[in-house]
Undergrad: 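Let me give you the structure first, and then I'll get to my questions.
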Amino acid sequence: MSSSIVNLVYLFAGVLFILGIKGLTKPATAVRGNMLSATGMLIAVVITLLNSEIVNFTYIIAGVLFGGVVGAFMALRIQMTSMPQMVALLNGFGGGASLTIASAEYFSVLNIDAHTFADLLQPVALGADAFGTGAEGQVTLVSIGLTILIGAVTLTGSLVAFAKLQGLVKKNFGLPGGPIGNGLLLIGGLVALGCMIANPSQAVTVLALIALALLLGLFLVLPIGGADMPVVIALLNSYSGLAAALAGFILGNTVLIVAGSLVGTSGLILTKIMCVAMNRSLGNVLFGKMAAAGEAVDADEIYAGKVTSAQPDEVAMMLEVAKRVVIVPGYGMAMAQAQHAVRELADSMESKGIEVEYGIHPVAGRMPGHMNVLLAEAEVPYDNLVEMDRINPTFEDTDVVIVIGANDVTNPMARDAEGSPIYGMPILNVDKAKNVVVIKRSLSPGFAGLPNPLFAMDHTLMVYGDGKKAVLEMTTALNQS
Amino acid sequence: MSSSIVNLVYLFAGVLFILGIKGLTKPATAVRGNMLSATGMLIAVVITLLNSEIVNFTYIIAGVLFGGVVGAFMALRIQMTSMPQMVALLNGFGGGASLTIASAEYFSVLNIDAHTFADLLQPVALGADAFGTGAEGQVTLVSIGLTILIGAVTLTGSLVAFAKLQGLVKKNFGLPGGPIGNGLLLIGGLVALGCMIANPSQAVTVLALIALALLLGLFLVLPIGGADMPVVIALLNSYSGLAAALAGFILGNTVLIVAGSLVGTSGLILTKIMCVAMNRSLGNVLFGKMAAAGEAVDADEIYAGKVTSAQPDEVAMMLEVAKRVVIVPGYGMAMAQAQHAVRELADSMESKGIEVEYGIHPVAGRMPGHMNVLLAEAEVPYDNLVEMDRINPTFEDTDVVIVIGANDVTNPMARDAEGSPIYGMPILNVDKAKNVVVIKRSLSPGFAGLPNPLFAMDHTLMVYGDGKKAVLEMTTALNQS
Amino acid sequence: MEILILLLALFVLSLFLGVELIVKVPPTLHTPLMSGTNAVSGITLVGALLAAGSDTSPMLVNVLGFLAVTFATINVIGGYLVTNRMLSMFKRK
Amino acid sequence: MEILILLLALFVLSLFLGVELIVKVPPTLHTPLMSGTNAVSGITLVGALLAAGSDTSPMLVNVLGFLAVTFATINVIGGYLVTNRMLSMFKRK
Ligand SMILES: NC(=O)c1ccc[n+]([C@@H]2O[C@H](COP(=O)([O-])OP(=O)(O)OC[C@H]3O[C@@H](n4cnc5c(N)ncnc54)[C@H](OP(=O)(O)O)[C@@H]3O)[C@@H](O)[C@H]2O)c1
Ligand SMILES: NC(=O)c1ccc[n+]([C@@H]2O[C@H](COP(=O)([O-])OP(=O)(O)OC[C@H]3O[C@@H](n4cnc5c(N)ncnc54)[C@H](OP(=O)(O)O)[C@@H]3O)[C@@H](O)[C@H]2O)c1
């Protein structure tokens, strides 16, 4: 197989990735886009396997079989509500792949026949141009080092993110000194990288780089709160793309560069979208805590004596006379797995001639588009899912808003209370509706840890209970009436 | 200057071109975008001049001075209404540049010291790898040949387009056999190209290619009607971009490839937009006439006794009591240079509290965005220029529509008369407004050569006269009232 | 060196293209976008195959290659499958 | 050959990027877009300079180079100036 044909095929695979992402810009073409992208991957893999440099298929077959089974099992078994964890985990594996590839590339040049760990630490006699002549050798070395650094940070960082989202790690703790400790780790890593470039024959520099980078990933993410994980994942996703692009520079491979850059920009843009929607800077997410409330807000003072609660059947009576209802889902709907119940409630209302729409906040839930995926699972047509900017003007003409498991994204303090930590975050103005029904288990706060004055408003009714159960009861009551 | 620095600078220039076109996606950033793009050009030129290969500056200085003076003179003197001609002419020069560069590249390899034309025709002793070894040599030769072909077609084609728009050439005529004659020319050109690749030492093949391609450009555009020139220009614009990109392959130059492809796509997309807006296929524009009317429409029958005409001061009285007026400009506004007069009329109406908007059809006038440029020249803010899709639903609430020099883009036959040659072309539904005032010199048809039933409608008033004069009179009458 | 600059040019253009494409993805599809691009980043599988399949390299390289192939395959298979599962749930009214 | 493929890759990516960028240009700016891209296509000036400035080539090449420089310069200067003239007329309310 001539190398130019291989390269042409790689270019073709790159085009398929581009077309795949283009497909993702519309729901109607998204499935096909994903298929195109997968086809590009298949083509790239097949042409690589036909490449004459590959002679030993043992490790490849073992790896593909093992990885394929694990990947397929995870993908087919995961519940839609656990999507954030899944993405975190996959992302970690991507980082791991970059890390191991770059290391393999390095050690294949060193050509150490190591049987014990100590063998690795022996310096090797290496020609000056082992990694390529002149500037090219430098670039290759820098790329290897950066790929290792980024890949390792992505690996451990994503695993921590996974553990936090899965509830395996609950505490947020970091190195003593916080960002300073991490800064020292980073500096250490960069020093190791520098030593490696200056003296590539010393494998110990690379081992140090790997170790420091793995630790860095760990301690970068451990201090960050579980709810901020989506931002972290998007950022790490972008890193893993960059690592792939860098690997492309090492191997002189166009498809790695194209695909890696696409992933890199995607992660960065999603990160930015989330930060804007939360009205926080990326620095604040990564290194800060939520800004301490200007004046501590006293939940009791806000709620005392002003909260009205109701039973699901009372709400059903209210729905009966409504013309237009908007459903606002949040993280609690995912927790309660209430998406199917919500769809049934909406169906039941629609069969009574009530106009029903869903108001979707860009950061409702725990990852971008989280609510859309859950409601799509429950077969809610995506035309009914209305974005914040378009639903907000309609609340004044809405008879009842049903807020299910959403909290922060409806908190009027974000709009009115200057000095509040979430002040300035754009919200769904559900309080402008004629009646508001809030379904949650208690008055306890959401992700931002703040009380919500919405719950104490005159036209708000609280329905306490698990989201799924409450909604099911409402539907039953509505159907019987 | 090391060649890698030069190449990096070229890449930077390419990025500036990209940013420049990105700037053009919003009116607010467009000026800056154009500056960025021009800066990219400057940088690319300067770094090229610093390149050590350039030793003889005589021809360069002469060319730049001469070209610069001519270009600047044209750009600063041209009237906004003659913009289509200007673009055609510039485009032709672009094609000419590609043609001459590729020829120069060819002859510099041949290295003929020609003093008479006959010298050129002598075959030259040429090494097998004169244009590069193996496949690279082939690709270079193909690129040279294609660049010459495309460049020459662009050159003469654009010059004809210019002559037609300027009214220098009025007749539409082609080779005997129409498309067949052109097909033969194209085949001849391709044969010459093939001979040149097979036997590059024979300069006569290249000379034949140039001659055939120049003729092809001529006879491709001569048969096309003057009003279709914008489509032709956009297409030739796209060709000149492709020629530049091909030249990039010859020279192995990134910035030529990037810039050339951007121009190529731009031209193609504009061509497509125009064809869609006219509801005609590209093939129909290039090779067909407007489809003959299914049943010949008799203008007399449509107009006889049904057309009401009015004087400008009668219209002014009508405007006085209007709440909302929409102005629909067309090619006639450009012809009459009435854009400033129209702005004054709008100002005068607005000062009386009337809401005024402009309805802009995508192919009103003779090039895409033609009306926008003219009205911008008259300092109409671009927020007031409303696109077809957005203005159409508002006509029902509009008291008076003033159609000035527009015809086809308001013709209800496009909507209602199946079988009409313009049937299916999206139009401005001005006939839905309460009153329609049409300013033109007569009942004669527009570009499509069709009568317009709008003129015969009960709620339509025709104001006969030159566009500028009629509008000025209206303004005077309105101001006096 | 010239090749490096061309690779760099490719990188820069891909970044621009990435930005233009991704900003067009509607919020509805942001979760599938994340998992889908995740799968794309598994393109490192190509590099992994080269590392795992060489015969001239020492054992250590093959083992690293095996790990890389495993990781990248999980990423690719898992990413595409889960994205497909999500996307096929999206339905128009 | 490898360089050729990289150039081709660059070409393909630029085409994609071009499509994404150009479709975003609003109709208002279509005329300046035409003249502006026209100016960009004058980038052939770079090639023209190389052809006109070489000393080893025969006279004929220099003359062709001179023509190319002239044509390309008209294209560049004329295109940018006229685009700038048009664009500076566009004003917000
Ligand atoms: N989507 C993203 O991409 C993203 C990324 C980063 C951060 N965030 C942040 O996440 C937050 C999302 O806002 P949100 O309004 O969706 O959620 P939220 O503010 O975190 O509130 C969720 C609410 O759901 C309730 N809940 C939990 N389990 C429930 C169950 N089984 N049944 C019923 N209710 C239940 C909880 O109240 P009870 O305990 O009283 O039931 C809680 O108040 C925002 O602050 C946003 O900034 C989102
Ligand atoms: N814009 C583009 O990109 C583009 C490209 C290709 C083709 N086209 C075609 O061009 C046409 C554009 O439609 P349009 O409605 O703008 O123009 P039109 O249909 O060509 O009609 C222009 C009208 O202006 C009148 N007129 C000419 N000089 C005038 C003056 N001095 N004062 C007042 N009126 C004058 C003419 O009528 P009198 O002679 O009676 O005055 C004529 O009927 C469409 O058919 C379109 O398909 C446009």
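Note on naming: letters A, B, ... go to the chains in the order of the sequence lines (proteins, then strands), and numbering restarts at 1 for each one. These numbers come from a predicted model, not from an experiment.
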Undergrad: Working to the nearest 0.5 Å, report the span between CD1 of B/Ile78 and CG of D/Leu81.
TA: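 Here the interatomic distance stands at 13.0 Å.
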Undergrad: For chain D, which of B/Gly92, B/Ala75, B/Gly260, B/Ser240 has the most heavy-atom pairs under 4.5 Å?
TA: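 The option with the most such pairs is B/Ala75.
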Undergrad: Using non-hydrogen atoms only, which part of D/Leu13 is less than 4.5 Å away from chain B: side chain, backbone, both, or neither?
TA: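 For D/Leu13, there is no contact with chain B at all, as no heavy atom is under 4.5 Å.
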Undergrad: What distance do D/Ile43 atom CD1 and B/Met41 atom CE have between them, rounded to the nearest 0.5 Å?
TA: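 It is 4.5 Å, given to the nearest 0.5 Å.
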Undergrad: Can you say whether D/Leu7 sits under 4.5 Å from chain B via the side chain, the backbone, both, or neither, judging by heavy atoms?
TA: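 Its backbone and side chain both get close to chain B.
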Undergrad: Quick one: what part of D/Ala39 sits under 4.5 Å from any heavy atom of chain B, side chain, backbone, both or neither?
TA: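 The answer is the backbone of D/Ala39.
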Undergrad: Any idea which heavy atoms bring D/Met34 and B/Pro368 closest together, and the distance?
TA: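 Answer, listing the atom of D/Met34 first, then B/Pro368: SD-CD, 4.0 Å.
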Undergrad: Side-chain donor-acceptor contacts of residues 241-250 of chain B below 3.5 Å, not counting sequence neighbours, with atom names and distances?
TA:
none

Undergrad: So what's closer than 4.5 Å to chain B heavy atoms on D/Leu29: side chain, backbone, both or neither?
TA: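 Looking at D/Leu29, just its side chain touches chain B.
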Undergrad: What residue, out of D/Leu45, D/Asn62, D/Leu60, has the most heavy-atom pairs lying under 4.5 Å from chain B?
TA: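 Top option by heavy-atom pairs under 4.5 Å: D/Asn62.
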Undergrad: Report the option among D/Leu49, D/Val63, D/Thr44 that has the most heavy-atom pairs separated by less than 4.5 Å from atoms of chain B.
TA: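 Result: the option with the highest number of such pairs is D/Leu49.
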Undergrad: What is the minimum heavy-atom distance between B/Leu24 and D/Val25, and which atoms define it?
TA: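 Heavy atoms only, the tightest pair is O-CG1, 3.6 Å.
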Undergrad: Quick one: does any side-chain atom of B/Tyr59 pair with a main-chain N or O of D/Leu64 as donor and acceptor, under 3.5 Å?
TA: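 Side chain of B/Tyr59 to backbone of D/Leu64, a donor-acceptor pair under 3.5 Å: no, none is there.
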Undergrad: Work out which heavy atom in D/Thr73 is nearest to a heavy atom in B/Gly67; give both atom names and the distance.
TA: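 It is CG2-C, 3.8 Å.
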Undergrad: B/Ser37, B/Gly94, B/Ser98, B/Ala44: which one forms the most heavy-atom pairs within less than 4.5 Å of chain D?
TA: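 Sorted descending by pairs with chain D, the first entry is B/Ser37.
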Undergrad: Are the side chain of B/Thr265 and the backbone of D/Leu15 linked by a donor-acceptor contact shorter than 3.5 Å?
TA: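 No; zero donor-acceptor contacts below 3.5 Å.
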Undergrad: Does any non-hydrogen side-chain atom of B/Asn372 lie less than 4.5 Å from one of D/Thr31?
TA: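 Side chain of D/Thr31 against side chain of B/Asn372, heavy atoms only: no contact under 4.5 Å found.
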Undergrad: Mind ranking B/Lys22, B/Glu105, B/Met83, B/His370 by heavy-atom pairs under 4.5 Å with chain D and telling me who comes out on top?
TA: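 Looking at each option in turn, the highest pair count goes to B/Met83.
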Undergrad: Let's test your reading of the structure: which of D/Leu33, D/Leu8, D/Asn75, D/Ile77 forms the most heavy-atom pairs below 4.5 Å with chain B?
TA: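 Winner by heavy-atom pair count: D/Asn75.
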Undergrad: With a cut-off of 6.0 Å (strictly less than), are more than 12 heavy atoms of other residues, nucleotides or ligands near CZ of B/Phe17?
TA: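 Enclosed.
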Undergrad: Looking at D/Lys24, I want to see if its NZ is surrounded by more than 12 non-hydrogen atoms of other residues, nucleotides or ligands under 6.0 Å.
TA: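 Enclosed: over 12 neighbouring heavy atoms sit under 6.0 Å from NZ of D/Lys24.
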Undergrad: Looking at chain D, which one of B/Val45, B/Leu375, B/Val87, B/Leu270 has the largest number of heavy-atom pairs inside 4.5 Å, strictly under?
TA: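 Heavy-atom pair counts peak at B/Leu270.
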Undergrad: In terms of heavy-atom pairs under 4.5 Å with chain D, which of B/Leu251, B/Leu262, B/Val258 leads?
TA: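 Top option by heavy-atom pairs under 4.5 Å: B/Val258.
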Undergrad: What part of D/Val19 lies closer than 4.5 angstrom to a heavy atom of chain B: side chain, backbone, both or neither?
TA: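 Both backbone and side chain of D/Val19 come within 4.5 Å of chain B.
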Undergrad: As an exercise: rank B/Val255, B/Leu385, B/Leu76, B/Thr254 by heavy-atom pairs under 4.5 Å with chain D and give me the winner.
TA: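 Answer, by heavy-atom pair count under 4.5 Å with chain D: B/Leu76.
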Undergrad: Around B/Phe73, counting heavy atoms of other residues, nucleotides and ligands shown, do more than 12 lie under 6.0 Å from its CZ?
TA: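 At most 12 heavy atoms, drawn from other residues, nucleotides or ligands, come within 6.0 Å of this atom.
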Undergrad: What distance separates D/Leu10 CG from B/Leu256 CG, expressed to the nearest 0.5 Å?
TA: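 Separation between the atoms: 11.0 Å.
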